[in-house]
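Worth knowing before you read on, the calculation uses all heavy atoms, side chains too, and leaves out hydrogens, waters and symmetry mates. Letters go in sequence order (proteins before strands), and every chain restarts at 1.
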2 protein chains.
Amino acid sequence: MASAAAIFGTTATSDRCSRRVFVTTVRRSPAFLRTSRAIKTYAALVTESSAKVIDGKATSNEITKEIAAEISKMKESSGVVPGLAVILVGENKDSATYVRTKKKGCESVGIKSYEVKLAEDSSEQEVLKHISCFNDDPAVNGILVQLPLPSHMNIQNIFNAVSIEKDVDGFNPLNIGLLCMRDRDGEPIEPLFVPCTPKGCIELLRRYDIPIKGKRAVVIGRSNIVGMPTALLLQREDATVTVVHSKTKNPEEITREADIVITAVGQPNLVRGSWIKPGAVVIDVGFNRVEDTSCPLGDVCYEEVSKIASAITPVPGGVGPMTIASLLSNTLTAAKRAYNLK
Amino acid sequence: MASAAAIFGTTATSDRCSRRVFVTTVRRSPAFLRTSRAIKTYAALVTESSAKVIDGKATSNEITKEIAAEISKMKESSGVVPGLAVILVGENKDSATYVRTKKKGCESVGIKSYEVKLAEDSSEQEVLKHISCFNDDPAVNGILVQLPLPSHMNIQNIFNAVSIEKDVDGFNPLNIGLLCMRDRDGEPIEPLFVPCTPKGCIELLRRYDIPIKGKRAVVIGRSNIVGMPTALLLQREDATVTVVHSKTKNPEEITREADIVITAVGQPNLVRGSWIKPGAVVIDVGFNRVEDTSCPLGDVCYEEVSKIASAITPVPGGVGPMTIASLLSNTLTAAKRAYNLK
């Protein structure tokens with residue numbers, strides 16, 4: 001097949017993965033689809049993509065409905081609803097969008113949301129003061145400090161200040177430690193909360209009936225908030241896990257060994273088709289803003305990989321919505337625990 | 001070469017790895033070495049073993065001397081010495097031996113040791129009471145509860161009761177969580193203590209100038225006390241780490257990919273020569289009692305693997321002594337922190 005770049009007259013030197021941007025544009029523009037050439041090309045691309053699309057939006061909607069039903073019952077039987085407090089520091093646009101989305105998510109399921117907005121030059125002390133207030137407020141079951149924080153603040157001090165019972169982000173080191181551990185029967189110990197994005201990734205695999213036990217999994221990236229806890233979760237599910245990171249010498253070769261690949265590095269189109277074992281399942285946590293397009297790009301070259309993988313998450317519409325669903329789920333868990341409800 | 005089993009008339013059906021037991025016997029019996037047949041066989045075995053022996057006993061002695069010198073200075077300048085309390089429950093013989101060895105280790109470096117021995121049928125409450133006393137005692141800088149504990153006790157309750165500042169075993173989930181985490185520059189966060197056996201393994205690699213960064217490492221076993229924290233430590237040193245466990249489908253193949261193999265499963269001679277990539281470094285944490293010999297066996301078939309690996313730890317005399325050295329080192333760290341010394 002002629003490349004989409006050639007067909008659509010984009011520069012021949014452009015990365016093959018730039019087609020991913022184009023496909024998204026096609027999908028988003030019904031007007032464009034009306035031209036027969038575009039329809040033909042789009043059909044060709046879709047036919048070539050053998051992977052099942054793991055629909056994070058639909059799955060998240062499903063979970064959100066379940067949570068809403070539980071909260072509605074909770075309100076009826078006990079007269080209480082969960083409460084989530086969000087602390088936003090500074091003017092980062094993406095952060096503001098995330099916080100708005102989280103607030104909207106709360107509204108949609110019946111969680112009461114509380115919000116504190118602080119200026120970029122606020123002191124760490126101010127943030128800690130607000131955390132302390134929310135720690136003491138029984139109506140608040142979960143506390144979330146939106147990242148990134150300004151560079152003059154110590155993230156660890158701030159995370160550690162959040163009461164472990166309200167750490168719905170699951171970032172407290174004690175929670176992470178529990179994620180690592182097993183009881184004397186070798187069964188994984190339950191942490192109070194599982195970090196939201198990793199929880200969302202595993203939930204996608206689970207709801208799409210993708211087996212994890214005994215499979216080889218590669219996690220690309222080892223951040224505190226995604227890579228590391230995702231590896232721990234996969235291990236709890238009895239996968240054989242390898243963590244690939246910036247110091248890994250042959251990431252492509254190692255990734256090609258995996259039945260399940262989860263990427264969270266923040267490098268658009270890093271993972272090419274050649275990195276993937278035919279039939280592998282690929283979960284793309286990347287959400288990279290690229291200058292020449294309004295649409296974010298994943299870490300995975302979707303167009304190439306979707307022809308090789310058996311299932312893949314799109315960006316957007318993959319892991320993103322699942323993160324919010326996990327946050328709402330964690331907040332509900334916190335409230336049930338606080339009010340001693342089943 | 002004829003097998004040692006054939007030469008020495010042991011049964012032909014015995015596992016090739018049973019020769020390992022024999023070699024140890026030869027080494028331990030100078031009288032036996034006097035017979036020329038034995039000398040020849042021993043020489044053949046040694047010639048065939050190309051791996052450098054990583055001598056845990058010598059390394060541990062080196063570390064112990066360093067610790068003793070530091071404690072001597074500490075005593076001179078501040079009039080204080082570190083204190084280590086050990087709680088032993090029940091009559092397990094191995095446990096009693098370990099506790100004796102630890103006590104002896106303390107004496108050799110100038111750490112004051114405290115010991116509580118409780119009956120097998122003591123209550124969890126009793127153990128917790130002693131922990132609480134040691135937590136409050138400023139002369140005690142480290143508290144160690146000897147494993148295994150009787151089955152009626154909840155290990156997690158007991159570990160969590162040890163003050164984090166005195167958790168020289170490093171088993172507190174908060175400590176384990178910190179082992180997983182990185183600061184905003186991507187640098188690993190320092191936990192208060194690193195679990196003793198994993199610390200000993202890494203220290204062996206370090207003191208033998210074995211590079212870790214960028215290497216592929218396989219950890220076999222995922223226990224709370226060895227496998228899991230060892231994997232976390234290797235990751236902190238920028239290895240690309242895979243954890244192999246009981247649910248891994250092809251452990252042999254995966255292990256053969258590794259430049260560094262660390263085993264902690266408790267299965268004598270599990271890791272055969274065919275599991276090892278030529279030139280790999282092998283650290284054997286296994287210490288398995290086998291009925292027909294007084295000498296413990298490692299997880300690694302030493303005789304086979306020592307011909308393929310570039311370096312290997314023996315059992316005994318490999319990781320074992322390093323665990324004690326790490327414990328003494330952690331106790332010194334705890335004391336320096338408590339007394340605010342550099």
* When you measure from the side chain of B:Arg216 to the backbone N and O of A:Thr248, does any donor-acceptor pair fall under 3.5 Å? -> no

* Toward chain A, the part of B:Ile189 with a non-hydrogen atom under 4.5 Å -> side chain

* Structure fact -> Given B:Arg222, B:Lys213, B:Lys215, the one with more heavy-atom pairs under 4.5 angstrom with chain A than any other is B:Arg222

* **Best-contacting candidate, B:Ile155, B:Val218, B:Asp183, against chain A by heavy atom pairs under 4.5 angstrom** => B:Ile155

* **Residue A:Glu257 versus chain B: region with a heavy atom under 4.5 Å** => side chain

* Is it the side chain or the backbone of A:Val241 that comes within 4.5 Å of chain B heavy atoms, both, or neither? -> backbone

* Under 4.5 Å heavy-atom distance to chain B, tell me which part of A:Ala239 shows up: side chain, backbone, both or neither. => backbone

* Structure fact -> Ranked by heavy-atom pairs below 4.5 Å to chain B, first place among A:Met228, A:Arg184, A:Lys249, A:Gln156 goes to A:Arg184

* Measure across A:Val243 and B:Thr240 and return the closest heavy-atom pair with its distance rounded to 0.1 Å. => O-CG2, 3.4 Å

* Selection from A:Leu174, A:Val244, A:Asn224, A:Ile176 maximising heavy-atom pairs under 4.5 Å formed with chain B -> A:Asn224

* Structure fact -> Interatomic distance, SG@A:Cys180 vs CG@B:Leu232, rounded to 0.5 Å, equals 5.0 Å

* **For A:Arg207, all residues meeting salt bridge (Lys or Arg N to Asp or Glu O under 4.0 Å), sequence neighbours excluded** => A:Glu62, A:Glu66, A:Glu203

* Asked: Most heavy-atom pairs under 4.5 angstrom with chain A, which of B:Ser223, B:Pro191, B:Pro148, B:Ser151?
  -> B:Ser151

